[in-house]
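Given the structure is predicted, the values throughout are model-derived calculations rather than measurements. Every heavy atom of this structure was used, including side-chain atoms; hydrogens, water molecules and symmetry mates were not. Here is how names work: the chains are called A, B, and so on, in the same order as the sequence lines, proteins then strands, and each is numbered from 1.
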Amino acid sequence: DGGITQSPKYLFRKEGQNVTLSCEQNLNHDAMYWYRQDPGQGLRLIYYSQIVNDFQKGDIAEGYSVSREKKESFPLTVTSAQKNPTAFYLCASSIGTEAFFGQGTRLTVV
Amino acid sequence: QKEVEQNSGPLSVPEGAIASLNCTYSDRVSQSFFWYRQYSGKSPELIMSIYSNGDKEDGRFTAQLNKASQYVSLLIRDSQPSDSATYLCAAAARDTGRRALTFGSGTRLQVQP
């Protein structure tokens, strides 16, 4: 089955810790994206990558980092510099401008 | 002005009625528009895309784009309780160097049995 897989589904982070969210796709899409969603709000763009070994900051990149070493993978690290990381994180990939999402990772700071 | 704006709702309609969801956009986004459905606690699912002025129909869904008014809408005919969800309007940036979509905050639809 083709699709986008995010893991883990739920993640708990202690204050001051870095955590990495995984995103893998087997759709052969060139572009991949990370969005953040807070309760009652739309999606805000964190980072995006249009080709391997290249990525750009989105609207809320501070406190986050990414890498794109393989076409299939686009992991997101939430660093300790991100002061309010509790949110629903969504990874997407696209062909053209139609984007398709993984099932999301819900991150909670404890 | 936000790039993509939606009324947060909730929009409540009786089962079998037509639900009309609306979205306005700024000049900073392009003419490519998308509607996503998001059930509570789940990820968004693409249900419609529209690229040119006019109407596009797919089953019970019709997307309408009016470029002159910078307005895009989604009509859901014969609404069912299973249509109860948040509907997100999204647009591609006019700057083609950034292909990532910009999203509205979503409209919550409630279909009453």
Under 4.5 Å from a heavy atom of chain B, the part of [X] involved:
X: A:Arg44; result: neither
X: A:Leu43; result: both
X: A:Glu98; result: both
X: A:Ala31; result: side chain

Decide whether [X] and [Y] are clustered together by the hydrophobic rule: side chain heavy atoms of Ile, Leu, Val, Met, Phe, Trp, Tyr closer than 4.5 Å, transitively.
X: A:Ile60; Y: A:Leu21; value: yes
X: A:Phe101; Y: A:Trp34; value: no
X: B:Leu88; Y: A:Tyr89; value: no
X: B:Ile50; Y: B:Ile47; value: yes
X: A:Ile46; Y: A:Leu90; value: no

Contact listing (chain A partner; residues 34-46 of chain B; heavy atom under 4.5 Å):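 Listed by number, the contacting residues are B:Phe34, B:Tyr36, B:Gln38, B:Gly41, B:Lys42, B:Ser43, B:Pro44, B:Leu46.
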Can you name the residues of residues 104-112 of chain B that have some heavy atom under 4.5 Å away from a heavy atom in chain A?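 Those residues of residues 104-112 of chain B which have a heavy atom under 4.5 Å from chain A are B:Gly104, B:Ser105.
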Measure the spacing between CD of A:Gln37 and OG1 of B:Thr86 and express it to the nearest 0.5 Å.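 Here the rounded value is 8.0 Å.
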Hey, are the side chains of B:Leu101 and A:Tyr35 touching, using non-hydrogen atoms and a 4.5 Å cut-off?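 In short, these two side chains touch, coming nearer than 4.5 Å.
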Can you confirm whether A:Leu27 is buried at CG, in the sense that more than 12 heavy atoms of other residues, nucleotides or ligands lie under 6.0 Å from that atom?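 Atom CG in A:Leu27 is crowded, with more than 12 foreign heavy atoms closer than 6.0 Å.
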